[in-house]
> 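The structure that follows is given in the form of structure tokens.
Because the structure is a prediction, the values reported are computed rather than measured. Only this structure's heavy atoms are used, side chains among them; waters, hydrogens and symmetry mates stay out.
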Amino acid sequence: MTSPTGRRSYGVKGAPYAFLVPAALLFALFFALPIGYAVWLSFRKVHVSGLGLGAGARTEVWAGLENYKDALTDNEFYDGALRVLGYGCLVVPVMLGLALLFALMLDSERVRLAPFTRLAIFLPYAIPGVVAALLWGFLYLPDVSPFYYVLDRLHLPQPNLLDGGPLYLALSNIAVWGGTGFNMIVIYTSLRSIPVEVYEAAKLDGATPLQTALRIKIPMVAPSLVLTFFFSIIATLQVFNEPTTLKPLTNSVSTTWSPLMKVYVDAFAKGDIYSAAAEATLIALATLALSFGFLRAANRRNKQEAAQ
């Protein structure tokens, strides 16, 4: 290929691919390669000969689906999945409901100090999860919490939020407090992109602010709701920071309270990286299946509504 100046230009068509090379290399080295290695380890195990002493006594061999079978029949892994399921049933609806409510309130014409309020709601998301869990753990402890001091002065019941059923509420509160702001920003941004003409037409038709919110705003931000629900599912299945941080404060949180905590214990406490790799792969597959199923159902519904 010759340029108008008579000089030959090389690599014009390949220039976009050259710009993609650094990102592709980083993706392969720090994302694809670790995932592939974890999947490979999940099909391996250590074979011990004799007492396991001496050179060659411990060798890595092919295990097939043995690690996956052990993980699926492990009561600790199964119980952790059930606990996370109950945790998710509390966190996801409450968090997304509050995020939608706050976004609608901030999008209202009568709201005051909107920038400050928006920042105040979003600010907890900027706090690291471990710091947030430590903060709330301090507030949950009866001996040091100012809330328990006030309840004691008022002669009101003082529930133990770190034991039994209330523990789910305590953990869910930390996740809702930290994640509502991010979801609110996503939904609020989608609300701000709705054309003003739509609201003006609704006013001319006599729609009240509540009717506008229910019949116009919420349906038009449905894609954002789907996106936030998708992110919330992934975050729920990978819960780790909150129970791990609260564990030293209560005996109700075991070392395998969630599946991801079970992976951590098997890999770093027991030294069984092969079982941990199989469990991590199962968590990833469950996340993929739930996310794909939800997105497919949402797309099918959108197509049906568009056809009507």
> Does anything in residues 213-228 form a side chain to side chain donor-acceptor pair (under 3.5 Å)? List the pairs, not counting sequence neighbours.
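Sorted pair list: Asp107-Lys217, Ser190-Ser224.
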
> Between CG of Asp74 and CG of Asn67, what distance do you get to the nearest 0.5 Å?
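It is 11.5 Å, given to the nearest 0.5 Å.
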
> Are Tyr188 and Leu119 linked, directly or through other ILVMFWY residues, by side chains that come within less than 4.5 angstrom of each other?
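Different clusters: Tyr188 never reaches Leu119 through Ile, Leu, Val, Met, Phe, Trp or Tyr contacts under 4.5 Å.
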
> Looking only at heavy atoms, what is the nearest atom pair of Arg83 and Ser254, with distance?
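Heavy-atom minimum between the residues: NH2-OG, 4.1 Å.
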
> Once salt bridge (charged side-chain N to carboxylate O under 4.0 Å, His left out) is applied, do any residues pair with Lys247, and if so which ones, sequence neighbours excluded?
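Listed in chain order: nothing, the list is empty.
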
> Run the ring-centre check on Phe122 versus Phe182 and record whether the distance is less than 6.0 Å.
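Between Phe182 and Phe122, which both carry aromatic rings, the centre distance is not below 6.0 Å.
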
> With sequence neighbours excluded, give me every side chain to side chain donor-acceptor pair (under 3.5 Å) pair touching residues 286-298.
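Every pair satisfying side chain to side chain donor-acceptor pair (under 3.5 Å) with a residue in residues 286-298: there are none.
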
> Using 0.5 Å steps for rounding, measure from the CD1 atom of Ile174 to the OG1 atom of Thr245.
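Atom-to-atom, Ile174:CD1 and Thr245:OG1 are 8.0 Å apart.
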
> Under a 4.5 Å side-chain heavy-atom rule over Ile, Leu, Val, Met, Phe, Trp and Tyr, are Phe292 and Leu227 clustered together?
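Different hydrophobic clusters.
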
> Once rounded to the nearest 0.5 Å, what's the spacing between atom CG of Leu82 and atom OG of Ser258?
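Here the interatomic distance stands at 13.0 Å.
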
> Which other residues end up in the same hydrophobic cluster as Leu100, if Ile, Leu, Val, Met, Phe, Trp and Tyr are linked when side-chain heavy atoms come under 4.5 Å apart?
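So far as hydrophobic clustering goes, Leu100 is joined with Leu104, Ile187, Leu191, Ile194, Val198, Tyr199, Leu210, Leu214, Ile216, Ile218, Met220, Val221, Leu225.
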
> Could you list the donor-acceptor pairs under 3.5 angstrom formed between side-chain atoms of residues 141-151 and any protein atom two or more places apart in sequence or on another chain?
unit_1	atom_1	unit_2	atom_2	d
Ser145	OG	Leu139	O	2.5
Ser145	OG	Phe147	N	3.2
Tyr148	OH	Pro159	O	2.3
Tyr149	OH	Arg153	NE	3.1
Tyr149	OH	Arg153	NH2	3.3

> Give me the other members of the hydrophobic cluster that Leu134 sits in, counting Ile, Leu, Val, Met, Phe, Trp and Tyr linked by side-chain heavy atoms under 4.5 Å, directly or via other members.
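For the cluster that includes Leu134, the remaining residues are Val130.
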
> Mind checking salt bridge (charged side-chain N to carboxylate O under 4.0 Å, His left out) for Arg44 and listing every partner two or more places apart, or none if nothing turns up?
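With neighbours one apart ignored, the set is Glu60.
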
> Report the residues that fulfil ring pair (Phe, Tyr, Trp, His ring centres under 6.0 Å) with Tyr140, sequence neighbours left out, ordered by chain and then residue number.
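Testing Tyr140 for ring pair (Phe, Tyr, Trp, His ring centres under 6.0 Å), a comparison that skips the adjacent residues, returns Trp136.
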
> For the residue pair Ala207 and Thr212, what are the closest heavy atoms and their distance?
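Shortest heavy-atom contact: CB-OG1, 3.8 Å.
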
> Hey, does Val239 have a side-chain heavy atom less than 4.5 Å from the side chain of Leu260?
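They are not in side-chain contact.
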
> Take Asp163 and Ser252 through the test side-chain hydrogen bond (donor to acceptor under 3.5 Å, both in side chains) and record every step on the way to the result.
CA-CA 6 Å; Asp163 187 26; Ser252 298; 2.7 Å; yes

> Is there a path from Val84 to Phe294 through hydrophobic residues (I, L, V, M, F, W, Y) whose side chains come within less than 4.5 Å of each other?
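Yes, it is one cluster - the side chains of Val84 and Phe294 are joined through contacts under 4.5 Å.
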
> State whether the side chain of Thr250 and the backbone N or O of Leu162 hold a donor-acceptor pair below 3.5 Å, judged by distance alone.
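Yes; at least one donor-acceptor contact below 3.5 Å.
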
> Rounded at 0.5 Å granularity, tell me how far CD in Glu76 sits from OG1 in Thr255.
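The OG1 atom of Thr255 is 6.5 Å from CD of Glu76, to the nearest 0.5 Å.
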
> Please enumerate all residues that pass ring pair (Phe, Tyr, Trp, His ring centres under 6.0 Å) together with Phe240, with sequence neighbours excluded.
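Testing Phe240 for ring pair (Phe, Tyr, Trp, His ring centres under 6.0 Å), a comparison that skips the adjacent residues, returns Tyr264.
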
> Of all the heavy-atom pairs spanning Thr236 and Gly88, show the shortest one and how long it is.
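Looks like CG2-CA, 3.4 Å.
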
> What distance do Ile121 atom CD1 and Phe116 atom CZ have between them, rounded to the nearest 0.5 Å?
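The CZ atom of Phe116 is 10.0 Å from CD1 of Ile121, to the nearest 0.5 Å.
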
> Check whether any side-chain heavy atom of Thr117 lies under 4.5 Å from a side-chain heavy atom of Met105, and answer yes or no.
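With C-beta onward as the side chain, the pair stays apart.
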
> Return a table of donor-acceptor pairs under 3.5 angstrom between the side chains of residues 276-283 and protein atoms on other chains or two or more places apart.
unit_1	atom_1	unit_2	atom_2	d
Glu279	OE2	Lys262	NZ	3.1
Thr281	OG1	Ala277	O	2.7

> In residues 23-42, what donor-acceptor pairs under 3.5 Å come from side-chain atoms, sequence neighbours left out?
unit_1	atom_1	unit_2	atom_2	d
Ser42	OG	Val39	O	2.4
Ser42	OG	Tyr68	OH	2.6

> Same cluster or not: Val91 versus Ile234, using hydrophobic residues (I, L, V, M, F, W, Y) connected whenever any side-chain heavy atoms lie under 4.5 Å apart?
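Shared cluster, yes.
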
> Report yes if some heavy atom in the side chain of Ser232 is under 4.5 Å from a heavy atom in the side chain of Asn183; otherwise report no.
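Ser232 vs Asn183: side chains touch.
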
> I need the Leu169 CG to Asn173 CG distance, nearest 0.5 Å.
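It comes to 8.5 Å.
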
> Below 30° counts as parallel, above 60° as perpendicular, anything between as tilted: where do the rings of Trp257 and Tyr168 land?
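Rings of Trp257 and Tyr168: tilted, as their planes differ by 30° to 60°.
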
> Are Trp177 and Phe138 co-members of a hydrophobic cluster defined by side-chain heavy atoms under 4.5 Å apart?
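Yes; Trp177 is reachable from Phe138 via cluster members.
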
> Does the side chain of Thr256 come within less than 4.5 Å of Met261's, by heavy atoms?
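SC-SC contact between Met261 and Thr256 ruled out.
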
> Please enumerate all residues that pass ring pair (Phe, Tyr, Trp, His ring centres under 6.0 Å) together with Phe230, with sequence neighbours excluded.
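Once residues adjacent in sequence are excluded, Phe230 has no partner under the ring pair (Phe, Tyr, Trp, His ring centres under 6.0 Å) criterion.
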
> Thr208 side chain to Gln211 main-chain N or O, any donor-acceptor pair under 3.5 Å?
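Looks like yes, one N/O pair under 3.5 Å.
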
> If I compare all heavy atoms of Ala213 with all of Pro219, which pair ends up nearest, and what's the gap?
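Heavy atoms only, the tightest pair is O-CD, 4.4 Å.
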
